[in-house]
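Not measured: the values here are computed from a predicted model.
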Amino acid sequence: MKVIQLTPQDNVAVLVEPGKKGDTVDNIPNLTLREDIPQSHKITLEDVKKGEPIRRYGVVLGYALKDFPKGSWINETSLKLPKSPALEALHANPDFKEPDNIRPVKQNYFMGYANDPEFSPYAGTRNILAIHTTVQCVIGIVNAAIAYIKQNILPKYPHVDDVIAINHQYGCGVAINAENAAIPINALRSLLHHPNFGGQIMCVSLGCEKLTPQMLLQDECKPENLVILQAQHGFKGMLHAIIEMAETKLKKLDERRRTKQPLSKLLIGLQCGGSDAFSGVSGNTSVGYAADMLVKAGATVMFSEVSEVRDGVQFIANRITSPATCEKFKQQVGWYDKYLAAGGVDRSANPSPGNKKGGLSTIVEKSMGSIAKSGSLEIKEVLTPGERPHKHGMIFAATPASDLVCGTMQMCSGATLQVFVTGRGTPYGLAALPVLKVCTRNELKQRWNDVIDINTGSVLTDDTSIEDMGESVCNTILRVADGDQQPFTEQYGIYNDICLFNPTPNT
């Protein structure tokens, strides 16, 4: 039996496979399991007294609620949470030095779809017609029109990958002028300029909603971009208006071709969901190394999930050299602290039951694994939810930790490809961009062979280096960006609904 101890300071290690009471550990002398311990859960490497710290990643995960002799099982019932790091103590680190031993990418370009810089500074990884909506009321009609378009019209335009609806739950019955209404509205405005949509803006409105076409489309609110259903004659008239405009847009999109694009035109989002104790050992660390390779080559990569990184904010701030960027980081995290408090919850609301089953005892442990996917380079910018980047490099995009909301808000920020790491498994996907699934352990790949694209489990079992696995992940990302590989979510059309972050009241 093998366990993984991450730093010499750690007084716990993680089991690579399930263990039985009395089993001995192969790679640590004189360590015997005092009880049955599930895979990915922690075992004490020494006697721990009540009130003493439990350390993993070299940080305090929590304080022991009772005595734990050497060889004991540590889980979510074992620890008292430490205090969160104080935001006011965070400062930019102008002396931060990036590592200089990151491997170079094998190609410094990708085959993407160029965009007019006024539409987007990034190139698309896919060529998609998106039909935006101002309000949930129009979804039924839009879906019916898209079904017709896909069956009868899209085949005439072989260079267009898909036609999708930007359906959401916002737009009416909401406090449209509330303090935080800018969050969902700005996210939808940003999404109009998604690089995968090729500059073709098309929107369907009901005609009486609070989120008016003028408010959403702004300068693009023109007759050639807008269908108002209340101005049409019946169901057939509505469908005809949508289909006629869609065909005009499809003709223009069909003229696009993949061409060599510098990696500075590539924008990638990183997510993790269904995390486990291996996320910060195999999955996220491998993706973090791939992110380092891509950023060094000029790409822009964003990571997110405010409540998941909250207990590791000091490690993020340490990689920010700009005082202004650090202040924005503190402001975004502080806003979220107040948002949770107003809802009567705190950071203990995260992890989830699945996270705990996967060995994560506290949000501190989850934070350390979550941050690992951001790699090791300087963090150049902090984005508000759904904001589009202004700089290149590694970026923190402030979003909730919810997979579906985080994914949507990264999409609104312009991510043209997402890398999603999971330890427990989730079939999550989005229609607007390819979602590449990475798992942390061999067992999940074996069970979900046609859902998981990349398995990093050999880091645990075969001592594959993070550098080798990270380079493999990087190469796969570039094949997906080139259009040479479709992730399973794309092959099978496993697409979740769009879930905007909307902290404003319904009225």
Side-chain angles (χ1 to χ4, degrees), residues 1-85 272 275-285 308-309 311-312 314-315 347-348 350-372 423-424 440-441 443 456-457 459-461 463 466:
M1 163 167 296
K2 178 183 177 182
V3 299
I4 296 176
Q5 180 185 13
L6 292 177
T7 76
Q9 295 78 31
D10 295 352
N11 57 3
V12 292
V14 173
L15 273 66
V16 172
E17 58 190 31
K20 296 289 186 181
K21 180 179 180 180
D23 287 349
T24 58
V25 173
D26 298 334
N27 59 320
I28 295 183
N30 304 315
L31 182 59
T32 302
L33 277 64
R34 299 178 63 89
E35 55 196 307
D36 294 353
I37 302 180
Q39 182 190 39
S40 71
H41 282 242
K42 292 175 289 298
I43 183 173
T44 54
L45 303 178
E46 58 190 43
D47 293 341
V48 179
K49 299 295 185 183
K50 180 180 178 180
E52 291 184 342
I54 295 291
R55 290 187 177 88
R56 185 172 180 237
Y57 295 101
V59 304
V60 176
L61 304 185
Y63 298 95
L65 292 174
K66 63 178 184 179
D67 291 349
F68 289 101
K70 181 178 178 179
S72 297
W73 176 18
I74 298 295
N75 58 41
E76 71 275 9
T77 68
S78 308
L79 304 176
K80 177 184 177 181
L81 266 174
K83 291 183 179 180
S84 287
C272 48
S275 301
D276 66 358
F278 295 143
S279 295
V281 182
S282 56
N284 284 358
T285 44
E308 287 193 8
V309 306
D311 280 80
Q314 68 274 32
F315 300 104
R347 72 206 216 273
S348 65
N350 195 337
S352 70
N355 297 151
K356 295 170 184 176
K357 191 173 181 180
L360 293 175
S361 300
T362 68
I363 185 57
V364 180
E365 187 174 14
K366 189 174 183 181
S367 292
M368 298 308 298
S370 180
I371 292 169
R424 305 301 300 169
T440 65
R441 56 195 178 99
E443 293 81 2
T456 64
V459 171
L460 309 172
T461 58
D463 295 322
I466 292 300

For this session: Provide the closest heavy-atom pair for Val59 versus Met368 in the form atom of the first, atom of the second, distance.
Result: CG2-CG, 3.8 Å
For this session: Return yes if a side-chain donor-acceptor contact under 3.5 Å exists between Lys366 and Asn355, otherwise no.
Result: yes
Exercise. Looking only at atom types and distance, does a side-chain atom of Ser279 sit under 3.5 Å from a main-chain N or O of Ser275, one as donor and one as acceptor?
Worked result: no
Problem set entry | Heavy-atom closest contact (Leu61 atom, Thr362 atom, distance) | O-OG1, 3.1 Å
Exercise. Please walk me through it: do Lys80 and Leu65 pass side chain to side chain contact (heavy atoms under 4.5 Å, CB included)?
Worked result: CA-CA 6 Å; Lys80 177 184 177 181; Leu65 292 174; 3.8 Å; yes
Exercise. Which residue, Lys357, Glu443, Glu17, forms the side-chain hydrogen bond (donor to acceptor under 3.5 Å, both in side chains) with Gln39?
Worked result: Glu443
Seminar exercise, completed: Here the pair of heavy atoms bringing Val12 nearest to Arg55 is CG2-O, 3.2 Å
Seminar exercise, completed: To the nearest 0.5 Å, atom CG of Leu31 lies from atom CG of Leu45 at 6.0 Å
Exercise. What is the distance from atom CD1 of Ile371 to atom OH of Tyr57, rounded to the nearest 0.5 Å?
Worked result: 10.0 Å
For this session: Check for a donor-acceptor pair, side chain of Asp311 on one end and backbone N or O of Ser84 on the other, with a separation under 3.5 Å.
Result: no
Problem set entry | Inter-residue atom distance Gln314.CD - Ser367.OG, 0.5 Å rounding | 9.0 Å
Problem set entry | Evaluation steps, side chain to side chain donor-acceptor pair (under 3.5 Å), between Thr32 and Asp23 | CA-CA 6 Å; Thr32 302; Asp23 287 349; over 6 Å; no
Exercise. Hey, does Val60 have a side-chain heavy atom less than 4.5 Å from the side chain of Val364?
Worked result: no
Exercise. What is the distance from atom CD of Glu308 to atom CD1 of Ile363, rounded to the nearest 0.5 Å?
Worked result: 6.0 Å
Exercise. Does the side chain of Lys356 come under 3.5 Å of the side chain of Ser361 through a donor N or O and an acceptor N or O?
Worked result: no
Exercise. When you measure from the side chain of Asp67 to the backbone N and O of Lys50, does any donor-acceptor pair fall under 3.5 Å?
Worked result: yes
Problem set entry | pair Ile43-Ser72: side-chain heavy atoms closer than 4.5 Å | no
Problem set entry | Main-chain N/O of Gly369 paired to Asn284 side chain as donor or acceptor, under 3.5 Å | yes
For this session: Measure from the side-chain N and O atoms of Asp276 to the backbone N and O of Phe278, and report whether any donor-acceptor pair falls under 3.5 Å.
Result: yes
Exercise. Out of Leu15, Val16, Ile37, Thr24, which one pairs with Met1 under the side chain to side chain contact (heavy atoms under 4.5 Å, CB included) rule?
Worked result: Leu15
For this session: Test Val14 against Val281 for side chain to side chain contact (heavy atoms under 4.5 Å, CB included), laying out the working first.
Result: CA-CA 10 Å; Val14 173; Val281 182; 5.9 Å; no
Problem set entry | Ion pair Lys2/Asp463, N-O distance below 4.0 Å | yes
For this session: Give a yes or no answer on whether the side chain of Ser40 reaches the backbone of Gly358 with a donor-acceptor pair at less than 3.5 Å.
Result: yes
Problem set entry | Reported CD1-to-NZ distance for the pair Ile28 and Lys70, which is rounded to 0.5 angstrom | 8.5 Å
Problem set entry | Taking every non-hydrogen atom, the tightest pair across Gly62 and Pro82 | CA-CD, 3.7 Å
For this session: Just do the side chain to side chain contact (heavy atoms under 4.5 Å, CB included) check on Ile54 and Tyr63 with the steps written out, would you?
Result: CA-CA 6 Å; Ile54 295 291; Tyr63 298 95; over 6 Å; no
Problem set entry | Donor-acceptor contact present, side-chain Thr44 to main-chain Pro69, <3.5 Å | yes
Exercise. Just how far is it from atom CG of Leu79 to atom CG of Asn75, taken to the nearest 0.5 Å?
Worked result: 8.0 Å
For this session: Please report the shortest heavy-atom distance between Lys42 and Gly359, naming the atom on each side.
Result: NZ-O, 2.8 Å
Exercise. Would you say Thr440's side chain and Gly283's backbone share a donor-acceptor pair under 3.5 angstrom?
Worked result: no
Exercise. Counting distance only, does the side-chain N/O of Glu35 pair as donor-acceptor with the main-chain N or O of Trp73 below 3.5 Å?
Worked result: yes
Problem set entry | Heavy-atom pair with the smallest gap, counting every atom of Pro53 and Asn11 | O-ND2, 3.0 Å
For this session: Verify salt bridge (charged side-chain N to carboxylate O under 4.0 Å, His left out) between Glu365 and Arg56, making sure each step is shown before the conclusion.
Result: CA-CA 7 Å; Glu365 187 174 14; Arg56 185 172 180 237; 2.8 Å; yes
